[in-house]
Amino acid sequence: VSGVGGDNTPAFEAYMSGDQTLSNNTLTKVNLNTERFDTDSKYDTSAYRFTPGVAGKYFVYIVGRGGSSANVAVRTVNFRLYLNGSTRISFQQSSYNQYNLNYMNVTVNTTIDLNTTDYLETYCAIDVSSGTPTITGGSEFTLFGAYKLIGV
């Protein structure tokens with residue numbers, strides 16, 4: 001997006017083309033293999049990672065949906081933003097009542113300073129009481145994106 005004082009690039013948004021099955025309560029890299037956009041070709045759809053190539057402050061977001069193959073079985077859904085192979089920020093949604101849910105939505109947002117070679121990835125763990133933990137794919141359910149901020 002162009003504007004006064006520069007533009008918000010590089011920028012990208014990726015999503016999963018299909019559902020991803022996980023092992024129960026096991027942190028796993030999210031296979032965000034399809035780009036909605038990628039202004040500077042900085043998102044790798046096979047390694048599922050963003051390397052900006054341009055130093056600066058970035059706004060980063062993750063929107064995720066986790067569930068179970070069994071009805072009403074999800075206890076927790078945890079999505080994490082990894083910076084250079086380590087957790088940078090984590091957010092977990094939990095079922096706090098006696099009834100479990102069949103899916104939960106999680107949103108993670110942050111701003112982060114990145115150098116040219118830093119890289120960002122998304123990880124997820126889902127704890128279910130029964131069934132198979134699954135991240136919901138499709139362009140409207142699980143997304144990962146970032147864009148460079150201008151003027152900061």
Side-chain angles (χ1 to χ4, degrees), residues 1 3 7-40 42-45 47-52 54 56-114 118-129 131-152:
V1 177
D7 57 28
N8 294 98
T9 60
F12 82 97
E13 185 173 278
Y15 62 93
M16 295 173 24
S17 61
D19 293 352
Q20 181 179 349
T21 300
L22 307 179
S23 295
N24 194 46
N25 211 19
T26 302
L27 204 55
T28 306
K29 188 188 283 193
V30 182
N31 299 335
L32 295 138
N33 60 354
T34 305
E35 295 174 331
R36 186 181 312 265
F37 62 87
D38 186 356
T39 63
D40 296 65
K42 299 299 181 184
Y43 183 77
D44 185 333
T45 57
Y48 318 119
R49 121 181 349 179
F50 173 66
T51 307
V54 177
K57 188 175 294 294
Y58 286 78
F59 179 77
V60 183
Y61 58 94
I62 301 166
V63 177
R65 181 178 178 180
S68 172
S69 61
N71 195 20
V72 297
V74 179
R75 292 182 182 131
T76 62
V77 175
N78 179 282
F79 276 88
R80 295 184 184 190
L81 174 67
Y82 268 45
L83 169 63
N84 300 328
S86 298
T87 299
R88 169 66 166 80
I89 190 169
S90 174
F91 188 79
Q92 178 170 294
Q93 183 79 322
S94 300
S95 173
Y96 289 106
N97 58 35
Q98 64 184 5
Y99 303 105
N100 292 318
L101 305 171
N102 57 343
Y103 67 87
M104 285 188 233
N105 298 309
V106 174
T107 302
V108 180
N109 299 305
T110 192
T111 54
I112 186 171
D113 288 308
L114 298 175
D118 284 333
Y119 63 93
L120 300 175
E121 301 165 305
T122 301
Y123 280 75
C124 179
I126 302 171
D127 181 21
V128 299
S129 59
T132 303
T134 304
I135 304 170
T136 306
S139 61
E140 69 276 17
F141 292 114
T142 301
L143 312 169
F144 175 36
Y147 55 88
K148 186 175 182 294
L149 298 173
I150 55 175
V152 291

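Just so you know, these numbers use all the heavy atoms, side chains as well, and skip hydrogens, waters and symmetry mates. Residue numbers run from 1 in the order of the sequence given.
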Straight-line distance of [X] [atom1] to [Y] [atom2], nearest 0.5 Å:
X: M104; Y: Q92; atom1: CE; atom2: CD; result: 8.5 Å
X: T34; Y: L143; atom1: OG1; atom2: CG; result: 11.0 Å
X: I112; Y: F59; atom1: CD1; atom2: CZ; result: 12.0 Å

Worksheet item: Who passes ring pair (Phe, Tyr, Trp, His ring centres under 6.0 Å) against F79, sequence neighbours left out?
Response: none
Discussion item. Among residues at least two apart in sequence or on other chains, which ones pass ring pair (Phe, Tyr, Trp, His ring centres under 6.0 Å) with Y48?
Written reply: none
Practice prompt. State which residues pass side chain to side chain donor-acceptor pair (under 3.5 Å) with N33; sequence neighbours excluded, sorted by chain then number.
Written response: S17
Worksheet item: Under the side chain to side chain donor-acceptor pair (under 3.5 Å) test, which residues partner N25, sequence neighbours left out?
Response: none
If you look at every heavy atom in [X] and [Y], which pair is closest and at what distance?
X: I135; Y: V30; result: CD1-CG2, 3.9 Å
X: A146; Y: V60; result: CB-CG2, 3.9 Å
X: G131; Y: S68; result: CA-OG, 3.8 Å
X: G138; Y: Y15; result: C-CD1, 3.8 Å
X: Q20; Y: N31; result: OE1-N, 2.8 Å
X: S94; Y: T76; result: OG-CG2, 3.3 Å

If we only count heavy atoms from C-beta on, is the [X] to [Y] side-chain gap below 4.5 Å?
X: I150; Y: N8; answer: yes
X: Y43; Y: L32; answer: yes
X: F91; Y: T107; answer: no

Worksheet item: F12 and ring-ring contact (aromatic ring centres under 6.0 Å, His included): which partner among Y147, F144, Y61?
Response: F144
Holding to side chain to side chain contact (heavy atoms under 4.5 Å, CB included), I want the full list of residues that pass it with [X], two or more places apart in sequence or in another chain.
X: T87; result: R80, Y82, S90
X: D118; result: L83, N84, L114, N115
X: Y103; result: R65, N105
X: K148; result: P10, V54, Y58

Worksheet entry | With sequence neighbours excluded, residues passing salt bridge (charged side-chain N to carboxylate O under 4.0 Å, His left out) with D44 | none
Discussion item. Holding to salt bridge (charged side-chain N to carboxylate O under 4.0 Å, His left out), I want the full list of residues that pass it with R88, two or more places apart in sequence or in another chain.
Written reply: none
Pairs of donor and acceptor atoms involving the side chains of residues 119-128, under 3.5 Å and at least two apart or interchain, shall be tabulated with distances.
{"unit_1": "Y119", "atom_1": "OH", "unit_2": "G85", "atom_2": "N", "d": "3.4"}
{"unit_1": "E121", "atom_1": "OE2", "unit_2": "K29", "atom_2": "NZ", "d": "2.7"}
{"unit_1": "E121", "atom_1": "OE2", "unit_2": "R49", "atom_2": "NE", "d": "3.3"}
{"unit_1": "E121", "atom_1": "OE2", "unit_2": "R49", "atom_2": "NH2", "d": "3.0"}
{"unit_1": "D127", "atom_1": "OD1", "unit_2": "N24", "atom_2": "ND2", "d": "3.4"}

Worksheet item: Is the backbone of A73 close enough, under 3.5 Å, to the side chain of S129 for a donor and an acceptor to pair up by distance?
Response: yes
Worksheet item: Is it true that a side-chain atom of S69 and a backbone atom of T132 form a donor plus acceptor pair closer than 3.5 Å?
Response: yes
Practice prompt. Please list all pairs passing the salt bridge (Lys or Arg N to Asp or Glu O under 4.0 Å) test where one or both residues lie in residues 8-28, with sequence neighbours left out.
Written response: E13-R36
